[in-house]
Amino acid sequence: MLSRYRERRALAVTDITATEWCDKQMEFVLEHGKPERTEAMKAGSDRHAQLEQEVIERVDIAVRSAEESWAVKFMNFIVGSNQLLFNGMTRELPVIGVVEGSWMVGIIDELRMPVDGISFHPILVDTKTRFKATIPSEAQKRNGRLQLMCYKYLWDSSISEKFPAENFFSYFDLNPDFLLSDDVKRYISSIGFNAQTFGDVMKFYKITCHTLSRSQEQLILR
């Protein structure tokens, strides 16, 4: 199934949680594509966009290759991590890692630093929206907890383990010597970095990971 539907692509955290929620539904999505978005799904996306806009200013960047797409993702991680360290909170932070031999990606809704000023271990927060003012079922809560635990695993492994760059380049068929376009280089320069190649961005990413701390054991499902 992995080679058939996710060849040269990473598993998403939501691939795992969707399977736990309803494996038959996930099978239909893989075979026939995602269903049409409902009003509840649109409302949830709108709420997440509102939360993101409170702390993050989006910038449109034209990318011309897989290398540039990944470069922007890694720079977004760097920007978000710096925001977490200096402002105490960030949202919509992309994470990537290897889980039992498979590459996995996700986007953490929110990370915040403890307000006690003593601990430097960030708190992971995931926001779930409800179409009606009702309490989520136990199955929905369990699904949310599983998603948060996957994010924690990806964050902690990024911080504490050496990023397997060669495996990453090989699996996704990426060239570390790929020369970035002027648009991408301008974006990177605007946030204080000077990168010419995709490999340069990877070096900045690994350095950033070494400045961060593992997340707290307590997770927040909001």
Next item on the list: Hey, could you give me the OG1/CG distance between T211 and L85, rounded to the nearest 0.5 Å?
Entry: 5.5 Å

Check: Is any side-chain heavy atom of M113 less than 4.5 Å from a side-chain heavy atom of L84?
Finding: yes

Margin query: For a quick test of reading the model, state the closest non-hydrogen atom pair linking V184 to A62 and the distance between them.
Written below: CG2-O, 4.0 Å

Item checked: T127 side chain vs D109 backbone, donor-acceptor pair below 3.5 Å -> no

Next item on the list: Classify the angle between the aromatic ring planes of F77 and W155 as parallel (below 30°), tilted (30 to 60°) or perpendicular (above 60°).
Entry: tilted

Note to self: If hydrophobic clusters are built by linking Ile, Leu, Val, Met, Phe, Trp and Tyr wherever their side-chain heavy atoms come under 4.5 Å apart, do F172 and V95 end up in the same one?
What the structure shows: yes

Check: Is any side-chain heavy atom of V98 closer than 4.5 Å to a side-chain heavy atom of P164?
Finding: yes

Notebook entry, point to check: Any side-chain heavy atom of L93 within less than 4.5 Å of one from E110?
Noted result: no

Check: Does one hydrophobic cluster hold both I107 and L124, with members joined at side-chain heavy-atom distances below 4.5 Å?
Finding: no

Margin query: Is the positively charged end of K73 above the ring of W70, judged by distance under 6.0 angstrom from the centroid and angle within 45° of the axis?
Written below: yes

Note to self: Is there a path of hydrophobic side-chain contacts, each under 4.5 Å between heavy atoms, that joins I96 and L11?
What the structure shows: yes

Margin query: According to side-chain contact (heavy atoms from CB on, under 4.5 Å), who are the partners of S65, at least two apart in sequence or on a separate chain?
Written below: E67, E68, F178

Item checked: Enclosure of D116 CG (heavy-atom neighbours >12, cutoff 6.0 Å) -> yes

Note to self: Tell me whether K185 is salt-bridged to D183, with the criterion being a basic N under 4.0 Å from an acidic carboxylate O.
What the structure shows: no

Side-chain polar contacts of residues 201-210 - donor-acceptor pairs under 3.5 angstrom, sequence neighbours left out - could you list them?
unit_1 : atom_1 : unit_2 : atom_2 : d
T208   : OG1    : F204   : O      : 2.9
H210   : ND1    : K206   : O      : 3.4

Check: Under 4.5 Å between any side-chain heavy atoms of I123 and L219, yes or no?
Finding: no

Next item on the list: Run the numbers on F120 and L212 for side chain to side chain contact (heavy atoms under 4.5 Å, CB included), then give the verdict.
Entry: CA-CA 9 Å; F120 293 97; L212 301 169; over 6 Å; no

Checklist line | Minimum heavy-atom distance between L174 and A66, given as atom pair plus value | finding: CD2-CB, 3.7 Å

Next item on the list: Keeping the roles fixed (side chain from N175, backbone from D177), state whether a donor-acceptor pair exists under 3.5 Å.
Entry: yes

Check: So, do H121 and P114 sit near enough that their side-chain heavy atoms are less than 4.5 Å apart?
Finding: no

Checklist line | Backbone N/O of A12 and side chain of D15: donor-acceptor pair under 3.5 Å | finding: yes

Next item on the list: Step by step, work out the side chain to side chain contact (heavy atoms under 4.5 Å, CB included) result for I188 and L180.
Entry: CA-CA 10 Å; I188 295 173; L180 303 172; 3.8 Å; yes

Note to self: Can you tell me how far apart CD1 (I61) and OH (Y187) are? Round to the nearest 0.5 Å.
What the structure shows: 5.0 Å

Checklist line | Straight-line distance of L154 CG to M149 CE, nearest 0.5 Å | finding: 13.0 Å

Next item on the list: Return yes if some donor-acceptor pair links the side-chain N/O of D156 with the main-chain N/O of S215 below 3.5 Å, else return no.
Entry: yes

Check: Rounded to the nearest 0.5 Å, what separation is found between the CD atom of Q147 and the CD1 atom of I16?
Finding: 11.0 Å

Margin query: Using every non-hydrogen atom in the two residues, find where V13 and G106 come nearest and quote the distance to one decimal.
Written below: CG2-CA, 4.1 Å

Item checked: Backbone of Y153 reached by a side-chain donor or acceptor of S157 within 3.5 Å -> yes

Checklist line | side chain to side chain contact (heavy atoms under 4.5 Å, CB included) assessment of K152 paired with E217 | finding: CA-CA 9 Å; K152 175 177 171 55; E217 295 301 308; 3.4 Å; yes

Next item on the list: Indicate the ring-plane relationship of F169 and F198, choosing parallel, tilted or perpendicular according to the 30° and 60° boundaries.
Entry: perpendicular

Next item on the list: Taking the six-membered ring for Trp and the single ring otherwise, decide whether the centroids of F163 and W103 are under 6.0 Å apart.
Entry: yes

Check: Just by distance, do the side chain of N82 and the backbone of V79 share a donor-acceptor pair under 3.5 Å?
Finding: no

Check: Does R112 reach the side chain of I220, with side-chain heavy atoms less than 4.5 Å apart?
Finding: yes

Margin query: Using side chain to side chain contact (heavy atoms under 4.5 Å, CB included), reason through F193 and D200 one step at a time and then give a plain yes or no.
Written below: CA-CA 10 Å; F193 294 88; D200 292 337; over 6 Å; no

Note to self: Can you give me the closest heavy-atom contact between A10 and V105, atom names plus distance?
What the structure shows: CB-CG1, 3.7 Å

Check: Taking atom CG of L148 and atom CG of D126, what is their separation to the nearest 0.5 Å?
Finding: 4.5 Å

Next item on the list: Tell me whether Y171 is reachable from F168 by hopping between hydrophobic residues (I, L, V, M, F, W, Y) whose side-chain heavy atoms are closer than 4.5 Å.
Entry: yes

